[in-house]
Amino acid sequence: MIFLSDHLETYLVIAVLLLLLGVYGMVRHKTFIGMLISSEFILAGASINFMAFNRFLAPNPAVGQIFALFIMGIAAAEAAIVVSLILMVYHRFRTVDPAQVHDLQH
Amino acid sequence: MFAYKCIAEALFVFFIAVTFTGGYFAVRAKYIMHAVMGLAVSLLGIAGLYFHLGSPFLAMMQVLIYVGAVCIIIAFGIMVGPKPQADEEKRVLGKRNALLAGAACLLGFGLLTVTVVQATWVPATVKTGDMTVRFLGESLLNQFCLSFELISVILLTAIIGALIIANIGKEEAES
């Protein structure tokens with residue numbers, strides 16, 4: 001009997017699916033918060049990749065875990081910064097549509 | 001032993017299902033609050049996957065940081081933030097663009113999956129250390145001390161930066 005959880009490829013395919021889910025959500029949502037939520041999926045796919053390679057291939061099993069923890073910290077910092085940026089953009093432009101925020105184009 | 005393995009496998013499939021059901025709701029939700037709920041459910045499923053990858057510590061951190069902190073930050077961002085546009089057309093893509101986005105993602109999935117399955121992965125011959133929390137903590141304070149310090153500095157900078165940016169927005173709104 002083949003156990004799915006014992007194969008590296010299963011985890012890699014899950015990570016690919018999460019990455020593309022994030023990309024699709026990023027394209028589909030037209031609000032800043034929707035795009036932030038989708039970017040979390042991309043980061044989650046990256047950390048699953050690190051953990052999978054850590055479990056099956058890496059010589060030192062602490063490296064992947066520390067990298068995944070690092071990605072979690074980056075994601076938390078990114079979420080805090082993006083939420084405050086969204087508030088600032090709303091106060092300045094009075095809109096939540098990313099297509100309306102185009103000061104640098106002029 | 002075999003029965004335990006089968007139960008673990010069933011749980012693995014369950015966690016995958018939870019991850020992608022939550023992901024589907026997060027991406028396809030009509031209201032942004034539902035999307036946050038979907039994100040939380042999906043991240044819980046990913047915590048289960050970390051458990052299967054042999055790291056209970058990371059699974060706990062996933063629940064604590066992602067489900068606990070990041071989802072709450074996003075929920076607060078929605079609550080104190082601007083009102084979303086009333087009509088759905090302004091919030092999500094049109095039908096034709098959605099089809100194109102779906103097709104592009106399917107193509108990417110096909111290409112990446114073929115690459116992943118065809119590649120030959122060579123495991124390391126010599127393994128140093130183990131997956132215990134003790135070993136993780138020791139290497140975090142010895143070998144990887146710099147990354148440990150770096151992440152704390154990044155978090156501190158992000159908190160101060162977020163406060164300053166939010167304050168700038170408030171001052172501009174008042175003036």
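None of the values given here were measured: they were computed from a predicted structure. Naming: A, B, ... by sequence-line order, numbering from 1 per chain.
- Chosen from B:Ala166, B:Gly129, B:Gly23, B:Ala35, the residue pairing most often with chain A at heavy-atom distances under 4.5 Å is B:Gly23.
- Proximity to chain A (any heavy atom under 4.5 Å) is restricted, for B:Phe57, to the side chain, taken from C-beta onward.
- Aromatic pair B:Phe12/A:Tyr11: centroids less than 6.0 angstrom apart.
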Go through the steps for A:Phe41 and B:Leu39 under the test side chain to side chain contact (heavy atoms under 4.5 Å, CB included), then give the verdict. CA-CA 8 Å; A:Phe41 282 107; B:Leu39 178 71; 3.8 Å; yes
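- Contact record, A:Arg28 with B:Ala29: NH1-O, 4.2 Å, taken as the closest heavy-atom pair.
- Heavy atoms closer than 4.5 Å to chain A are found in the side chain of B:Ile16, but not in its backbone.
- The environment of A:Tyr90 atom OH is dense: over 12 non-hydrogen atoms of other residues, nucleotides or ligands sit within 6.0 angstrom.
- If you measure heavy-atom distances from A:Phe32 to chain B, you find no contacts under 4.5 Å at all.
- When A:Ile48, A:Leu36, A:Val23, A:Val13 are compared by the number of non-hydrogen pairs under 4.5 Å with chain B, A:Ile48 comes out ahead.
- In terms of the salt bridge (Lys or Arg N to Asp or Glu O under 4.0 Å) criterion, residue partners of B:Lys5 (sequence neighbours excluded) are, by chain and number, A:Asp6.
- For B:Leu58, the parts lying near chain A are the backbone and the side chain together; criterion is any non-hydrogen pair under 4.5 Å.
- Residues A:Ala44 and B:Ile46 approach most closely at CB-CD1, 3.6 Å, considering heavy atoms.
- Between B:Trp121 atom CH2 and A:His7 atom NE2 the span is 15.0 Å, to the nearest 0.5 Å.
- For B:Phe109, the parts sitting under 4.5 Å from any heavy atom of chain A are the backbone and the side chain alike.
- Taking chain B as the reference chain and counting heavy-atom pairs below 4.5 Å, the highest number among A:Val82, A:Leu87, A:Ile86 is found for A:Leu87.
- Of the residues considered (A:Ile37, A:Val16, A:Val27, A:Leu8), A:Ile37 shows the highest number of contacts with chain B, using heavy-atom pairs under 4.5 Å.
- B:Phe20 touches chain A through its side chain: at least one heavy atom from C-beta onward sits under 4.5 Å away, while N, CA, C and O do not.
- Considering only heavy-atom pairs separated by less than 4.5 Å from chain A, the leading option among B:Ile168, B:Thr113, B:Asp130 is B:Asp130.
- For the atom pair B:Ile65 CD1 and A:Met72 CE, the distance stands at 5.5 Å (nearest 0.5 Å).
- Within a 6.0 Å radius of CZ in B:Phe76, other residues, nucleotides and ligands contribute 12 heavy atoms or fewer.
- At distances below 3.5 Å, not a single donor-acceptor pair connects side-chain atoms of A:Glu9 with backbone N or O atoms of B:Val116.
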Assess whether side chain to side chain contact (heavy atoms under 4.5 Å, CB included) is satisfied between A:Val63 and B:Phe144, documenting all intermediate values. CA-CA 8 Å; A:Val63 180; B:Phe144 302 102; 3.6 Å; yes
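- Counting heavy-atom pairs closer than 4.5 Å to chain B, the top-ranked of the candidates A:Leu18, A:Leu19, A:Asn54 is A:Leu18.
- A:Tyr24 OH to B:Tyr24 OH: the interatomic distance, rounded to the nearest 0.5 Å, is 8.5 Å.
- Taking OH of B:Tyr66 as the start and OG of A:Ser47 as the end, the distance is 5.0 Å to the nearest 0.5 Å.
- Of the two parts of B:Glu138, neither the backbone nor the side chain holds a non-hydrogen atom closer than 4.5 Å to a non-hydrogen atom of chain A.
- No hydrogens or angles considered: nothing links the side chains of B:Tyr50 and A:Arg55 as a donor-acceptor pair under 3.5 Å.
- Of the inter-residue distances, the one linking A:Glu40 atom CD with B:Ile74 atom CD1 reads 5.0 Å to the nearest 0.5 angstrom.
- Counting heavy atoms of neighbouring residues, nucleotides and ligands inside a 6.0 Å radius, atom CZ of B:Phe25 does not exceed 12 of them.
- Cluster note: B:Ile154 groups with A:Phe70, A:Ile74, B:Leu150, B:Ile151 through ILVMFWY side-chain heavy atoms spaced under 4.5 Å, whether in direct contact or through intervening members.
- Taking A:Gly64, A:Pro59, A:Ala62 one by one and counting their heavy-atom pairs under 4.5 Å with chain B, the maximum is reached by A:Pro59.
- Looking at B:Thr125, neither its backbone nor its side chain comes within 4.5 Å of chain A, counting heavy atoms on both sides.
- Each of B:Ala26, B:Gly54, B:Ala69 has some count of heavy-atom pairs under 4.5 Å with chain A, and the biggest count is that of B:Ala26.
- No other option in A:Ala76, A:Ser38, A:Pro61, A:Ala68 has as many heavy-atom pairs under 4.5 Å with chain B as A:Pro61.
- Of all heavy-atom pairs spanning A:Ala58 and B:Lys127, the tightest one is O-NZ, 3.4 Å.
- Taking NE2 of B:His52 as the start and OG1 of A:Thr10 as the end, the distance is 11.5 Å to the nearest 0.5 Å.
- Around the CZ atom of A:Phe56, the shell of radius 6.0 Å holds more than 12 heavy atoms that belong to other residues, nucleotides or ligands.
- For a residue to count as touching a neighbouring chain, one of its non-hydrogen atoms must lie under 4.5 Å from one of that chain's; by this rule B:Val36 touches chain A with backbone and side chain alike.
- Listed options B:Ser139, B:Gly77, B:Pro123 were ranked by heavy-atom pairs under 4.5 angstrom with chain A; first place goes to B:Pro123.
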